[in-house]
Amino acid sequence: FLTEWINRTLKEEHIVVKSLEEDLYDGLVLHHLLENLGSLQLDVEKIALTEKKQRKKLSVILEVVAKCLQLEESQLKWSVESILAKDLLSTLHLLVAIAKHFEPTLALPPNVQVETITIESISGGLKTSNAVEYITENKENIEAQSKDDAFDELFSCDPDKLDAVKKALLEFVDQHVGKLGLNVKDIESQFSDGVILLLLIGQLEGYFLNLRNFFLTPASTTEMV
């Protein structure tokens, strides 16, 4: 699936991937893929022939990926060394993460898992441990989580608990839009025209919304919509 996706994405560049381990380790295909999917300009050479240059190239590429995906180093399931060593598991984790971020509608097969066997050398012989690792999302876990959605649970609780949640949400909204000189006291009425919601998103995501793109004081249903 991933091989076909890469070849389809890079068809116009006449790049053909046959083996994920053998064709991605040097960073060339990853370089083209990221530039194509995310319109990213990577400050590295297109072709890196020596191991030193390949390591440097991969370092830049994986740094950009971590930044785009907003992942901390501890959350990464791949590394420069593992990709360079043609580690299939790391390569799969990396590609799935890139695919999910840049093409979220891509129908990745769910519940893909592998059994990993770790062998350690200890005084007296070898110690082995087995573990199941998911490459793509576990659909059963996702469905279970969606069934037990925290907000759904709150709405089925006692009214006094719901009031406490509304109060916490109002304080959260007030904290952010208060920087713009606004005061939110009622969720139902003050959110109905979309203005507070737009300004809140702008504050949370750290960008300025051009006031020409929406009505700051909508006077009709059409303007609200």
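Asp26 places no side-chain N or O within donor-acceptor distance of the main-chain N or O of Gln54, the cut-off being under 3.5 Å. Checking side-chain atoms of Glu120 against main-chain N and O of Thr128 turns up no donor-acceptor pair under 3.5 Å. Judged by distance alone, with hydrogens and angles left aside, the side-chain atoms of Asp23 form no donor-acceptor pair with the main-chain N or O of Val17 at under 3.5 Å. A donor-acceptor contact shorter than 3.5 Å links the side chain of Gln75 to the backbone of Glu72. No donor-acceptor pair under 3.5 Å is formed between the side chain of Gln203 and the backbone N or O of Leu199.
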- Evaluate the side-chain contact (heavy atoms from CB on, under 4.5 Å) criterion for residues Leu95 and Leu33: first the C-alpha distance (whole Å), next the side-chain angles of each, then the deciding distance (0.1 Å), finally the verdict. CA-CA 10 Å; Leu95 289 173; Leu33 190 63; 4.2 Å; yes
- Message: side-chain contact (heavy atoms from CB on, under 4.5 Å) for Asn183 and Lys185? Distances and angles first, verdict last.
- Response: CA-CA 7 Å; Asn183 184 245; Lys185 291 180 179 177; 2.9 Å; yes
- Steps toward salt bridge (charged side-chain N to carboxylate O under 4.0 Å, His left out) verdict (Lys18, Glu22): CA-CA 8 Å; Lys18 291 180 180 177; Glu22 295 295 332; over 6 Å; no
- Show the numbers, then the answer: is there a side-chain contact (heavy atoms from CB on, under 4.5 Å) between Ser220 and Phe215? CA-CA 10 Å; Ser220 66; Phe215 294 90; over 6 Å; no
- Verdict with reasoning, Leu10 to Trp5, per side-chain contact (heavy atoms from CB on, under 4.5 Å): CA-CA 9 Å; Leu10 301 179; Trp5 168 65; over 6 Å; no
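Between Thr222 and Val225, the closest side-chain pair of non-hydrogen atoms is not below 4.5 Å. No side-chain heavy atom of Lys127 sits under 4.5 Å from any side-chain heavy atom of Thr118. Within the 4.5 Å cutoff, the side chain of Arg55 has heavy atoms near those of the Glu81 side chain. Side-chain contact between Leu71 and Val65 is absent, with no heavy-atom pair separated by less than 4.5 Å. The side-chain heavy atoms of Val112 and Pro109, taken from C-beta on, include a pair separated by under 4.5 Å. At a threshold of 4.5 Å between non-hydrogen side-chain atoms, the residues Leu76 and Leu62 do not count as touching. Using a 4.5 Å heavy-atom threshold, the side chains of Leu216 and Phe214 count as touching. Under the 4.5 Å side-chain criterion, counting only non-hydrogen atoms from C-beta, Leu34 is in contact with Ile98.
Val195 and Met224 fall into different hydrophobic clusters, where Ile, Leu, Val, Met, Phe, Trp and Tyr residues are linked whenever their side-chain heavy atoms come under 4.5 Å apart, directly or through other members. Clustering ILVMFWY residues whenever any of their side-chain heavy atoms sit less than 4.5 angstrom apart, transitively, puts Val16 in a cluster other than the one holding Leu24. Linking Ile, Leu, Val, Met, Phe, Trp and Tyr residues whenever their side-chain heavy atoms come within less than 4.5 Å places Leu2 and Leu69 in a single cluster.
Here the closest non-hydrogen pair linking Pro110 and Thr136 is C-OG1, 3.4 Å. Here the closest heavy-atom approach between residue Ala99 and residue Leu108 is recorded as CB-CD1, 4.4 Å. Closest of all the heavy-atom pairs between Ile135 and Val96 is O-CG1, 3.7 Å. When all heavy atoms of Phe191 and Ile196 are compared, the closest pair comes out as CZ-CG2, 3.8 Å. Considering every non-hydrogen atom in both His93 and Glu133, the closest pair reads NE2-OE2, 2.7 Å. The two residues Asp174 and Val184 make their nearest non-hydrogen contact at OD1-N, 2.8 Å.
Taking a cutoff of 4.0 Å between a charged side-chain nitrogen and a carboxylate oxygen, Glu137 and Lys100 qualify as a salt bridge. One finds a salt bridge joining Lys166 and Glu188 here, because a Lys/Arg side-chain nitrogen approaches an Asp/Glu carboxylate oxygen to under 4.0 Å.
In this structure, Ile117 belongs to a hydrophobic cluster whose other members, linked by side-chain heavy atoms under 4.5 Å apart, are Ile119, Leu126. Hydrophobic cluster membership of Ile122, counting Ile, Leu, Val, Met, Phe, Trp and Tyr whose side-chain heavy atoms lie under 4.5 Å apart directly or via other members: none, as it forms a cluster of its own.
With rounding to the nearest 0.5 Å, the separation of CG in Leu89 from CH2 in Trp78 is 11.5 Å. In this structure, CG in Asp186 is found 7.5 Å from CG in Leu170, a value given to the nearest 0.5 Å. Interatomic distance, NZ of Lys57 versus NE2 of His31, reported as 5.0 Å (0.5 Å rounding). Within the model, atoms CG of Leu58 and CG of Leu30 stand 7.0 Å from one another, a figure rounded to the nearest 0.5 Å. In this structure, CD1 in Ile83 is found 4.0 Å from OG1 in Thr91, a value given to the nearest 0.5 Å. Remark: Ser90 OG to Leu20 CG distance equals 12.5 Å, nearest 0.5 Å.
Counting non-hydrogen atoms of neighbouring residues, nucleotides and ligands closer than 6.0 angstrom, the CD atom of Glu73 reaches no more than 12 such neighbours. The number of heavy-atom neighbours closer than 6.0 Å to CD of Gln113, taken from other residues, nucleotides and ligands shown, is above 12. Counting heavy atoms of neighbouring residues, nucleotides and ligands inside a 6.0 Å radius, atom NZ of Lys67 does not exceed 12 of them. Heavy atoms from other residues, nucleotides or ligands lying under 6.0 Å from NZ of Lys56 number 12 at most.
In this structure, a donor-acceptor pair under 3.5 Å is absent between the side chains of Ser192 and Ser189.
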